[in-house]
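Worksheet: the structure to be examined is printed underneath.
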Amino acid sequence: MPELPEVEVVRRGLADHVVGRRFLSVQVHGARVARRHIAGPVDLVARLTGLGVHEASRRGKYLWLRLDGDQALVVHLGMSGQMLVEPPDAPREKHAHAIFDLDDGLQLRFVDQRTFGGLQLVDLVPDEVGATLEDAPRLVPSVITHIAPDPLEAAFEQEAVVRAMRRRRTQIKRALLDQSLVSGIGNIYADEALWRAKLHGERATDRLPLATLRGVLDEAAAVMTAALGHGGTSFDALYVNVNGASGYFERSLEAYGREGRPCRRCGTLIVRESFMNRSSFSCPHCQPRPRYRGLD
DNA sequence: AATGGTTCCTGGACGC
DNA sequence: TGCGTCCAGGAACCAT
């Protein structure tokens, strides 16, 4: 599933192969891919046609292309989204929901099997957070102003996040997955960060020492940086592939997906638990479940 | 107001 | 072999 490192790999691919190009024509297949675009798919196609692409940006799991007129094409990959750059005669993928003809003769295609992803065209606005007198606020799409900075961007303020976590009445894994608190972390990297920090995901945030909260955020940043180091080298010139990027790092995972296999720190078998209607993987020895029930 | 549960969707894995 | 069922999960949305 594309989390921050996989989305960053896609962003880099777009920066290399799409920035500097122009959309000569655009096709959108089906209404669902444009469901977040309030004015609808016909409007999306009409407004994108002819626009030039100036920059590929990312915050957390959101991608956007800055286009003419400080407009942004916001892209979310959902669970299965891919951005592919291919020759026009390449067979059309079954789930190619949007196709952009570029002015270099190639096509950019948005392919998404499970259709949780989507596209929308919105205005760029100054960011609410991270701006100082020295640094002008960065421009972000109007529809993602509620998404917090991610741990790998300059605007990320760890102390503010840690204090916000302490004020919350929630569990640490919920907090790590809350994109309005810290963005970019999904189920896989949440489990990896918690394993590294030796914390059970149900620990209450308001009972954890500040240093412990800093620690788990450091581990989240470290594991995502490591994953990026692997994924960043795995795509070729014409094929910007999310799945190819995440597949390589899979071998390095310590907790996620390792149910019944020994913890690589202590040898205890990794367990799987249902949490938030998701699977959570952890080491019962290194990451003991809190004695309190829930948050009480 | 803050928090947690529900829902959208497809296809691969699995059981019989 | 085929059919039904379960599962994966990001985040908007809704209920409390």
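Heavy atoms only, all atoms of each residue included: A:Asp112 and A:Gly117 are closest at OD2-N, 2.9 Å. The shortest non-hydrogen separation linking A:Trp64 to A:Arg58 is CZ3-C, 3.7 Å.
A salt bridge links A:Arg59 to A:Glu153: at least one charged side-chain nitrogen sits closer than 4.0 Å to a carboxylate oxygen. Under a 4.0 Å N-O distance rule, the pair A:Asp206/A:Arg166 does not qualify as a salt bridge. Under the 4.0 Å criterion applied to side-chain N and carboxylate O atoms, A:Glu159 and A:Arg214 are assigned as salt-bridge partners.
Both the sub-6.0 Å distance and the 45° axial angle are satisfied by A:Arg265 relative to the ring of A:Trp195.
The distance from atom CD of A:Gln82 to atom P of C:dG10 is 16 Å, rounded to the nearest whole Å. The CG-C1' distance, from A:Leu177 to C:dA12, rounds to 15 Å in whole Å. Atom CG of A:Leu63 is separated from atom P of C:dA11 by 11 Å (rounded to the nearest Å). Per the geometry, CZ belonging to A:Arg272 stands 8 Å off P belonging to C:dC7, to the nearest Å. Straight-line distance from the CG atom of A:Asp150 to the P atom of C:dA11: 12 Å, rounded to whole Å. The distance from atom CG of A:Asn277 to atom P of C:dA8 is 10 Å, rounded to the nearest whole Å. Rounded to whole Å, atom P of B:dT10 lies 17 Å from atom CD of A:Glu93. Going from atom CG of A:Asp178 over to atom P of B:dG5 covers 14 Å, rounded to whole Å.
The stretch residues 254-261 of chain A has no heavy atom under 4.0 angstrom from DNA chain B at all.
Note on A:Leu67 and A:Leu106: same hydrophobic cluster, where clusters join Ile, Leu, Val, Met, Phe, Trp and Tyr whose side-chain heavy atoms are under 4.5 Å apart, directly or indirectly.
Candidate nucleotides C:dA12, B:dT10, B:dC9 were compared by shortest atom distance to the side chain of A:Arg32, and B:dC9 ranks first. Out of C:dG10, C:dA8, B:dG11, the shortest distance to the side chain of A:Gln113 is found at B:dG11. Picking from C:dG10, B:dG11, B:dT3 the nucleotide with the shortest atom distance to the side chain of A:His95 gives B:dG11. Distance from the side chain of A:Arg36 is smallest to C:dC13 among B:dG5, C:dA11, C:dC13. Considering only the side chain of A:Arg114, B:dT10 comes nearest among B:dT10, C:dG10, B:dT3. The nucleotide whose nearest atom lies closest to any side-chain atom of A:Tyr62 is, among B:dT3, C:dG10, C:dA11, C:dA11.
Side-chain nitrogen and oxygen atoms of A:His146 include at least one within less than 4.0 Å of the OP1 or OP2 phosphate oxygen of C:dA12. OP1 and OP2 of B:dT10 both lie 4.0 Å or more from every side-chain N or O belonging to A:Ser80. Distances shorter than 4.0 Å separate none of the side-chain N or O atoms of A:Lys94 from OP1 or OP2 on B:dT10. Close to C:dA11, at under 4.0 Å from its OP1 or OP2, lies a side-chain N or O of A:Gln179. Contact between the side-chain N/O atoms of A:Thr170 and the OP1/OP2 oxygens of B:dG4 is found at a separation under 4.0 Å. Between A:Arg174 and B:dG5, a side-chain N or O to OP1/OP2 separation shorter than 4.0 Å is present.
In the model, A:Gln71 has a side-chain atom that pairs as donor or acceptor with a side-chain atom of A:Arg47 under 3.5 Å.
For A:Arg278 against C:dG10, a side-chain N or O and a base N or O form a donor-acceptor pair under 3.5 Å.
Relative ring orientation between A:Phe100 and A:Phe23 is described as tilted, the plane-to-plane angle lying within the 30° to 60° band. Ring planes of A:Phe281 and A:Tyr256: perpendicular class, angle over 60° (limits at 30 and 60°).
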> Where do A:Arg168 and A:Leu181 land on the side-chain contact (heavy atoms from CB on, under 4.5 Å) test, with the steps shown first?
Replying inline: CA-CA 10 Å; A:Arg168 293 258 179 129; A:Leu181 208 44; 3.8 Å; yes
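Axis deviation across the helix from B:dA2-C:dT16 to B:dC16-C:dG2 amounts to 50°, comparing end segments of five pairs, rounded to 10 degrees.
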